[in-house]
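As structure tokens, the structure follows; a few thoughts come after it.
The structure displayed is predicted, hence computed values, not measured ones. Values below: all heavy atoms of this structure, side chains included; hydrogens, waters and symmetry mates excluded.
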Amino acid sequence: MKTVAVIGAGTMGNGIAHVFAQNGFKVNLIDISEASLEAGLANIVKNLDRMVAKEKISEETKANTLSNIGTCTSVTDGSKNVDLAVEAATESLELKLDIFRQLDAACANHTILATNTSSISITQIAAATKRPEKVIGMHFMNPVPIMQLVEIIRGYSTSDETAEVIMTLSENLGKTPTEVNDYPGFVANRILMPMINEAIETLYNGVAGVHEIDTVMKLGMAHPMGPLQLGDFIGLDVCLSIMNVLYDGFKNPKYAPCPLLVNMVMAGKLGIKSGEGFYDYSTSRKAEKVAAQFSQ
């Protein structure tokens, strides 16, 4: 396996492209938006520069990594001659199904099709292709160049061979692959998102404030960041989308998204990406100032 297509140049996509390229793979980074591709490449350069400054990699490694990355605005053109395609687009079922139909038509018969989805059924995505045995979940964690885990999810028809190839590949990337079964949210988000949602419920019910809730979880539970800060970091729209997948998949009221989360997303208060969520990021990307709505 030498060539990889990564579909989506956002936070996860450019991180995945970075990791593959740094490990010697030729990568086609694909996005319909030229602006997104430019932003994605700029983020890769920034992350590489940070690694050089910390003496984790050399200038030569940085140069080689960047030389391994090409860009394309067409899924069909960018995925014709690759051994693996990793979809990292927005967490939308219809969008992912459309991308996988395009990949199935464009890719060679041997190509494995992976999705970075954090919650959507691999079996459902695979059903949009004529190669369900070669479709698998490859859920990287954010930030991809730093986080060790890759959650590997088999669909109903994923073959043993496909799973073994992706497990070995993940190890070769310096990651720790962990195989889980194909249920809504898998393991990571089935546990994480209800925790974040419960923290929002705790705020919504007036039990404690933003800073207080995050402080309890950081100092009392040894979490590196509080759940409200983490929700802002992930994107509250993404959190809502995943909660909806869990709620629709299990039909269990415990997975219903908090009304406060729903209202914040409708109001465009999405966290770091919009400049405000539970914290105010207008002057700093650090969660240092509680948003005005919650600071009274």
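In terms of modelled atom types and a separation under 3.5 Å, the side chain of Asn189 and the main chain of Ser118 share a donor-acceptor contact. Formation of a donor-acceptor pair under 3.5 Å by the Ser274 side chain with backbone atoms of Gly268 is found in this model. Using modelled atom types, one side-chain atom of Arg131 and one backbone atom of Thr111 make a donor-acceptor pair closer than 3.5 Å. Put simply, the side chain of Asn68 gets close to the backbone of Ala21: a donor and an acceptor are under 3.5 Å apart. Looking at Asp77, its side chain never comes within 3.5 Å of a backbone N or O of Thr73 through a donor-acceptor pair. With hydrogens and angles disregarded, a donor-acceptor distance shorter than 3.5 Å links the side chain of Thr129 to the backbone of Ala126.
Donor-acceptor pairing under 3.5 Å is recorded for the side chains of Asp83 and His110. In the model, Thr115 has a side-chain atom that pairs as donor or acceptor with a side-chain atom of Glu87 under 3.5 Å. Side-chain contact, Asp98 with Gln102: a donor N or O sits under 3.5 Å from an acceptor N or O.
For the pair Glu171 and Pro177, the minimum side-chain heavy-atom distance is below 4.5 Å. Contact annotation: the side chain of Tyr156 never approaches that of Pro132 to less than 4.5 Å [non-hydrogen atoms, C-beta and beyond]. Between Glu59 and Val52, the closest side-chain pair of non-hydrogen atoms falls below 4.5 Å. In this structure the side chain of Met1 reaches within 4.5 angstrom of the side chain of Phe25, judged on heavy atoms. In this structure the side chain of Glu34 reaches within 4.5 angstrom of the side chain of Leu37, judged on heavy atoms. With a 4.5 Å cut-off on side-chain heavy atoms, Asn142 and Thr11 count as touching. Using a 4.5 Å cut-off on side-chain heavy atoms (C-beta onward), Phe278 and Ile200 make contact. Within the 4.5 Å cutoff, the side chain of Asn28 has heavy atoms near those of the Val82 side chain.
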Between Lys62 and Asp49, is a salt bridge (Lys or Arg N to Asp or Glu O under 4.0 Å) present by the stated rule, with each step listed? CA-CA 8 Å; Lys62 172 190 168 182; Asp49 284 339; 2.5 Å; yes
Worked check of salt bridge (Lys or Arg N to Asp or Glu O under 4.0 Å) between Asp104 and Lys134: CA-CA 10 Å; Asp104 191 41; Lys134 289 187 176 295; over 6 Å; no
Test Tyr279 against Asp214 for side chain to side chain donor-acceptor pair (under 3.5 Å), laying out the working first. CA-CA 11 Å; Tyr279 293 88; Asp214 279 353; 2.6 Å; yes
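Cluster annotation: Met141 is not connected to Phe20 through the hydrophobic network of ILVMFWY side chains, with a link wherever side-chain heavy atoms come within less than 4.5 Å. In terms of hydrophobic clustering, with Ile, Leu, Val, Met, Phe, Trp and Tyr side chains grouped at heavy-atom distances under 4.5 Å, Met221 and Leu203 are assigned to a common cluster. Residues Met195 and Leu149 are members of separate hydrophobic clusters, defined by side-chain heavy-atom contacts under 4.5 angstrom among Ile, Leu, Val, Met, Phe, Trp and Tyr. If you chain together hydrophobic residues whose side chains sit under 4.5 Å apart, Ile32 and Leu29 never meet in one group. Hydrophobic clustering (side-chain heavy atoms under 4.5 Å, transitive across Ile, Leu, Val, Met, Phe, Trp, Tyr) keeps Leu219 apart from Val216.
Shown here is Asn81, whose CG atom has no more than 12 heavy atoms of other residues, nucleotides or ligands within 6.0 Å. Atom CG of Asn109 is surrounded by 12 or fewer heavy atoms from other residues, nucleotides or ligands within 6.0 Å.
Contact check on Lys269 versus Asp237 returns no salt bridge, with no Lys/Arg side-chain nitrogen under 4.0 Å from an Asp/Glu carboxylate oxygen.
Atom CD1 in Ile44 sits 9.5 Å away from atom OG1 in Thr65 (nearest 0.5 Å). Here the CG-NE2 distance, from Leu48 to His18, works out to 4.0 Å after rounding to the nearest 0.5 Å. The distance from atom OG1 of Thr202 to atom CG of Asn197, rounded to the nearest 0.5 Å, is 9.5 Å. In this structure, CD1 on Ile213 lies 5.0 Å from CG on Leu228, to the nearest 0.5 angstrom. The CD atom of Glu60 sits 10.0 Å away from the OG atom of Ser67 when rounded to the nearest 0.5 Å. A distance of 13.0 Å separates CG in Leu270 from CD1 in Ile234, rounded to the nearest 0.5 Å.
Applying the ring-ring contact (aromatic ring centres under 6.0 Å, His included) test to pairs two or more places apart or on separate chains, those with a residue in residues 227-269 are Phe250-Tyr255.
In this structure, Ile153 belongs to a hydrophobic cluster whose other members, linked by side-chain heavy atoms under 4.5 Å apart, are Ile7, Ile30, Val75, Leu93, Leu95, Leu97, Ile99, Phe100, Leu103, Leu113, Ile120, Ile122, Ile125, Val135, Val180, Phe186, Val187, Ile191, Val245.
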N/O donor-acceptor pairs under 3.5 Å from side chains in residues 282-291, not counting sequence neighbours:
from: Ser282; atom 1: OG; to: Asp280; atom 2: OD1; distance (Å): 2.7
from: Ser284; atom 1: OG; to: Lys286; atom 2: N; distance (Å): 3.1

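If you run side-chain hydrogen bond (donor to acceptor under 3.5 Å, both in side chains) between Ser119 and each of Glu91, Arg190, His139, only Glu91 comes through.
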